[in-house]
2 protein chains.
Amino acid sequence: MNREQGRDILKRLNMKVTPKRLEVMCCLGSEPLYLSADEVWHRIKDRVDSIGLPTVYRILDELAEAGVITRIFLADRKQYYFLCANQDHHHHHFVCESCRRVEDLGQCALGEGTLDAVQRSGGRVTSHILQINGVCATCSTPRGGAACRTK
Amino acid sequence: MNREQGRDILKRLNMKVTPKRLEVMCCLGSEPLYLSADEVWHRIKDRVDSIGLPTVYRILDELAEAGVITRIFLADRKQYYFLCANQDHHHHHFVCESCRRVEDLGQCALGEGTLDAVQRSGGRVTSHILQINGVCATCSTPRGGAACRTK
DNA sequence: AATTAAATGAAAATTATTTTTATTTATACG
DNA sequence: CGTATAAATAAAAATAATTTTCATTTAATT
């Protein structure tokens, strides 16, 4: 994700194209890893002639609401974010618990019938979360694991 | 969920059968709603000759780890818990954003190929999250909505 | 009944997140 | 290209969620 792409995304969403937003997007988009708001902040606060943590929170929240970035849910009660390079079609992700890497799952793996069933019953579906957790191929390999694992 | 059932579940997990754990389980199991740790605490703190909030957190966490209760993920960055009456087979839930009601989805709606695909690539799947959000049939009905909605 | 590992209480600490208000800035428009 | 204005951000402080610590109690075992 470069500034050009970030700019296009913000334009499409009718959001102002600000240096801070671009910086947050480029930060998240530079690697296929999930990060917390705090981690994003630490990585960019010295560029962009400094940015406040509350601003990072706001930007992440807006982008997540808009569907540009994906919230990653872990048991640690913190919120993480991931900016997927593939913004084209609806799909979900595999999340490596060891190295934080996020991989695309080809297409939305929700069985056809599922959303229909809810709707037939009279309810309305507004969104869904599908996240596969595990250990990626690299981390599963004894050698590769050590190289890939960050912490 | 009554104390008898709670007791059986704890026994099966090799966890001590304590009054506080039973109280937390009965509280969550009394209605098909998701609750926060704080909400569970408020509902039971005057029974059980008082219980501390940290204890509620601990119990909820243990039970979630053990798979007895389900974490409900919302955008508000808080953690919610749901104890499903149906402990028999693996399935997922529909969550009403309006009344907090949680409904079972028949069977795990994950397309067969999804988990396989990750495993074929050399990765290992340890868990998955599948949660459908929306507005339930009752809340979707103008009349019913008012009656069902709590806040 | 005694033993012991596990569970809990209570208080304090930590961490994540949000709010507020004043200031700045991107964009639209003349 | 300047100007107006709504939107975005800073900075500090506040809030709320969650965790830690350590002393005490209790469930389960013998």
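In what follows, chains carry the letters A, B, and so on, assigned in the order in which the sequence lines appear, proteins first and then strands, with residues in each chain numbered from 1.
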Trainee: Here's a test of your reading of the structure: between A:V56 and B:S36, which maps to the more 5' nucleotide of DNA chain D?
Mentor: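 The residue closer to the strand's 5' end, by nearest nucleotide, is A:V56.
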Trainee: Where along nucleotides 21-30 of chain D does protein come under 4.0 Å, by heavy atom, of base (B) or sugar-phosphate alone (S), with - for untouched nucleotides?
Mentor: B-----BS--
Trainee: Closer to the 5' end of DNA chain C via nearest nucleotide, is it A:D61 or B:E62?
Mentor: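 The residue closer to the strand's 5' end, by nearest nucleotide, is B:E62.
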Trainee: Among C:dA10, C:dA16, C:dT8, find the nucleotide with the atom closest to the side chain of B:T55.
Mentor: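 For B:T55, the side-chain atoms sit closest to C:dT8.
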Trainee: Please list, chain by chain and in numerical order, all residues satisfying ring pair (Phe, Tyr, Trp, His ring centres under 6.0 Å) with A:Y34, sequence neighbours excluded.
Mentor: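 Ring pair (Phe, Tyr, Trp, His ring centres under 6.0 Å) check on A:Y34 returns A:Y80.
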Trainee: Return the value, rounded to whole Å, for the distance between atom OH of B:Y57 and atom C1' of D:dT19.
Mentor: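 So the two atoms are 9 Å apart, to the nearest Å.
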Trainee: Whole angstrom is fine here: how far is it from CG in A:L74 over to P in D:dT18?
Mentor: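 These atoms are roughly 14 Å apart.
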Trainee: Distance alone, cut at 3.5 Å: any donor-acceptor contact between the side chains of A:T126 and B:N133?
Mentor: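 No.
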Trainee: What is the distance, to the nearest angstrom, from the CH2 atom on B:W41 to the P atom on D:dA16?
Mentor: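 For the pair B:W41 CH2 and D:dA16 P, the rounded distance is 14 Å.
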Trainee: Quick one: A:Q79 CD to D:dT18 C1', roughly how many Å, whole number?
Mentor: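 It is 15 Å, rounded to the nearest whole Å.
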Trainee: CG of B:L53 versus C1' of D:dA16: gap in Å, rounded?
Mentor: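 After rounding, the gap between these two atoms is 11 Å.
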Trainee: Could you state the CG-P distance from B:L60 to D:dA17, rounded to the nearest angstrom?
Mentor: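 The answer, rounded to whole Å, is 14 Å.
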Trainee: Can you tell me the distance, in whole Å, between the CD atom of B:E39 and the P atom of D:dT18?
Mentor: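 My rounded result for the distance is 11 Å.
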Trainee: Hey, is the side chain of A:R21 poking within less than 4.0 Å of OP1 or OP2 on D:dA8, counting only N and O atoms?
Mentor: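 A:R21 to D:dA8 OP1/OP2: side-chain N or O found under 4.0 Å.
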Trainee: Whole angstrom is fine here: how far is it from CZ in A:R7 over to C1' in C:dT27?
Mentor: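 Distance check: A:R7 CZ to C:dT27 C1' gives 12 Å.
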Trainee: Is the phosphate of C:dT18 approached by B:R77 (side-chain N or O, under 4.0 Å from OP1 or OP2)?
Mentor: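 For B:R77, the contact criterion (side-chain N or O under 4.0 Å from OP1 or OP2 of C:dT18) is met.
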Trainee: OP1 or OP2 of C:dT17 sitting under 4.0 Å from any side-chain N/O of B:K78?
Mentor: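 No, because none of the side-chain N or O atoms of B:K78 sits under 4.0 Å from OP1 or OP2 of C:dT17.
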Trainee: Students often mix this up, so state it plainly: with edges at 30° and 60°, are the rings of A:H128 and A:H90 parallel, tilted or perpendicular?
Mentor: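 Rings of A:H128 and A:H90: perpendicular, as their planes differ by over 60°.
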Trainee: Any side-chain heavy atom of A:L13 within less than 4.5 Å of one from A:E62?
Mentor: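 No, every pair of side-chain atoms sits at 4.5 Å or beyond.
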Trainee: Run the salt-bridge test on A:R100 and A:E39 with the 4.0 Å N-O cut-off and return the result as yes or no.
Mentor: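 Looking at A:E39 together with A:R100, the answer is yes, because their closest N to O distance falls below 4.0 Å.
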Trainee: Within a strict 4.5 Å, meaning less than it, do heavy atoms of the A:E103 and A:P32 side chains meet?
Mentor: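 Answer no - side chains too far apart.
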Trainee: Between the side chains of B:E23 and B:R3, is the shortest nitrogen-to-carboxylate-oxygen separation below 4.0 Å, so that they form an ion pair?
Mentor: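 Salt bridge: yes.
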